Visitor: 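Below: one structure in structure tokens.
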Protein chains: 2
Amino acid sequence: MIAHAQPELTKNQALVFGSLSDAGGPLTAYAILDLLRENGFRAPLQVYRALDKLVEYGMVHRLESLNAFVACSHKGCAEHGTAAFAICENCGDVSEFTPDEVIKLLKEWTQAEGFTLARTTIELRGTCRDCISQPN
Amino acid sequence: MIAHAQPELTKNQALVFGSLSDAGGPLTAYAILDLLRENGFRAPLQVYRALDKLVEYGMVHRLESLNAFVACSHKGCAEHGTAAFAICENCGDVSEFTPDEVIKLLKEWTQAEGFTLARTTIELRGTCRDCISQPN
DNA sequence: GGAAGTGGCGTTATATTATTACATACTTTC
DNA sequence: GAAAGTATGTAATAATATAACGCCACTTCC
């Protein structure tokens with residue numbers, strides 16, 4: 001478990017985090033940029049810089065297999081372990097969960113290998129329950 | 001466990017697979033393109049099309065967190081389960097392994113959720129044993 | 001044999017994602 | 001208030017990936 005300080009956000013960081021929270025799902029950096037143009041955003045770097053910090057603070061996760069970003073689903077982004085994501089390829093819905101037992105096993109593997117673990121990516125692609133039961 | 005047929009490769013597929021095998025580590029699509037220019041490759045699509053097939057055949061894995069590709073490390077790419085990767089951020093070395101117990105736990109989660117799993121990405125970022133013991 | 005389908009290939013152009021480089025401003029610290 | 005650190009704005013560009021088109025080789029089915 002890693003405790004994340006809950007720092008004061010700068011204006012840009014707050015705007016980016018707000019759009020991700022409001023979206024309720026993953027957004028690409030350029031989608032965020034378009035949403036924030038009316039707030040004065042002009043360039044990708046404004047988004048990427050804010051995202052870097054938000055990811056560092058643990059408030060936003062990067063979805064590697066989508067090249068997109070999503071607000072952490074934990075209330076207040078309180079301290080929690082490594083997250084995993086189930087991504088529905090039909091509706092785009094993303095479920096975040098915390099597979100502690102899986103993380104434990106992976107840590108055991110890294111320790112046996114002498115590998116110093118910095119960051120873990122676990123992403124499941126497939127079809128969510130709703131999309132299976134309600135085929136379009 | 002999924003059995004992958006070991007199909008005849010086309011000329012382009014064989015060239016792309018050859019560069020990945022020779023490299024012994026991950027390459028980006030554009031790095032492959034540059035390696036294969038002397039073999040007549042001119043455009044990214046030639047690489048991406050071959051990679052798509054090789055990934056489909058299970059002979060090449062895509063590393064989502066690197067936007068790169070790596071030849072499967074299993075001998076002859078025989079049938080095997082979902083792979084995981086430990087990526088050294090210092091030397092770039094990638095270790096492929098097959099964490100069956102982890103996959104089993106993740107499958108249990110998906111079944112409990114009614115999520116139909118199509119593809120699993122597990123990537124560990126950190127520092128390998130050699131780079132820890134021989135700091136530059 | 002020929003029509004129709006399939007898959008691979010080559011090429012150009014373009015879309016999407018991310019970073020480099022440089023200048024400016026604000027804030028904290030001493 | 002000078003120095004150091006952090007955030008910002010902007011333009012330009014790099015890196016990654018796909019769309020659209022036409023061509024050719026092969027099959028298969030009548």
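Atoms considered below: every heavy atom in the structure, side chains included; atoms not considered: hydrogens, waters and symmetry mates. Model, not experiment: these values are computed from the prediction. A, B, ... follow the sequence lines: proteins, then strands. Residue 1 opens every chain.
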Visitor: Atom CG of N39(B) and atom C1' of dC9(C): how far apart are they, to the nearest Å?
Guide: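 Checked: the CG to C1' distance equals 15 Å.
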
Visitor: Please walk me through it: do R125(B) and E64(A) pass salt bridge (charged side-chain N to carboxylate O under 4.0 Å, His left out)?
Guide: CA-CA 12 Å; R125(B) 308 292 295 259; E64(A) 301 284 359; 5.4 Å; no

Visitor: Nearest whole Å is fine: how far is dT6(D) P from E56(A) CD?
Guide: 10 Å

Visitor: Calculate the interatomic distance between K11(A) atom NZ and dA25(C) atom P; express it in whole Å.
Guide: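 After rounding, the gap between these two atoms is 15 Å.
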
Visitor: Below 3.5 Å, can you tabulate the donor-acceptor pairs from side chains in residues 36-50 of chain A to any protein atom, sequence neighbours excluded?
Guide:
from, atom 1, to, atom 2, distance (Å)
R37(A), NE, D34(A), OD1, 3.2
Q46(A), OE1, R42(A), N, 2.6
Q46(A), OE1, A43(A), N, 2.9

Visitor: How long is the gap from CG on N90(B) to CG on D130(B), to the nearest 0.5 Å?
Guide: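 The CG atom of D130(B) is 10.0 Å from CG of N90(B), to the nearest 0.5 Å.
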
Visitor: Using whole Å, what does the distance between atom P of nucleotide dT11(C) and atom CG of N12(B) come to?
Guide: 11 Å

Visitor: Can you name the closest pair of heavy atoms from A71(A) and F17(A) and give their distance?
Guide: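 Nearest heavy atoms, A71(A) then F17(A): CB-CE1, 4.1 Å.
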
Visitor: Rounded to the nearest 0.5 Å, how far apart are CG of L20(A) and CD1 of I32(A)?
Guide: 4.0 Å

Visitor: Provide, to the nearest angstrom, the distance between the CG atom belonging to L36(A) and the C1' atom belonging to dT10(D).
Guide: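 Answer to the nearest Å: 17 Å.
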
Visitor: Indicate for each nucleotide in nucleotides 12-19 of chain C, in 5' to 3' sequence, whether protein heavy atoms under 4.0 Å reach the base (B), only the sugar-phosphate (S), or nothing (-).
Guide: B----BBB

Visitor: Using whole Å, report how far CG of L15(A) lies from C1' of dA7(D).
Guide: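 To the nearest whole Å, that distance equals 14 Å.
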
Visitor: Would you kindly check whether a donor in the side chain of R49(A) faces an acceptor in the base of dG9(D), or vice versa, at under 3.5 angstrom?
Guide: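 Donor-acceptor pair under 3.5 Å: yes.
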
Visitor: May I ask you to evaluate whether Q46(A) reaches the phosphate of dG9(D), defined as a side-chain N or O under 4.0 Å from OP1 or OP2?
Guide: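 Result: yes.
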
Visitor: Should I132(A) and F115(B) be counted in the same cluster of Ile, Leu, Val, Met, Phe, Trp and Tyr side chains packed under 4.5 Å apart?
Guide: no

Visitor: Round to a whole Å and report the spacing from CD of E8(A) to C1' of dT28(C).
Guide: 16 Å

Visitor: Nearest to the side chain of T10(B) - dG8(C), dA7(D), dT10(D)?
Guide: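 Ranking dG8(C), dA7(D), dT10(D) by closest atom to the T10(B) side chain puts dG8(C) first.
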
Visitor: Take atom CG of L33(B) and atom C1' of dT18(D), then tell me their distance rounded to the nearest Å.
Guide: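 From L33(B) CG to dT18(D) C1': 15 Å.
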
Visitor: Which residue in the set T120(B), T121(B), T116(B) passes side-chain contact (heavy atoms from CB on, under 4.5 Å) when paired with L124(A)?
Guide: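 It is T120(B), the one option of T120(B), T121(B), T116(B) that forms the side-chain contact (heavy atoms from CB on, under 4.5 Å) with L124(A).
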
Visitor: For dA7(D) and K53(A) - does any side-chain N or O of the residue sit under 4.0 Å from the phosphate oxygens OP1/OP2?
Guide: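 Checking K53(A) against dA7(D): at least one side-chain N or O falls below 4.0 Å of OP1 or OP2.
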
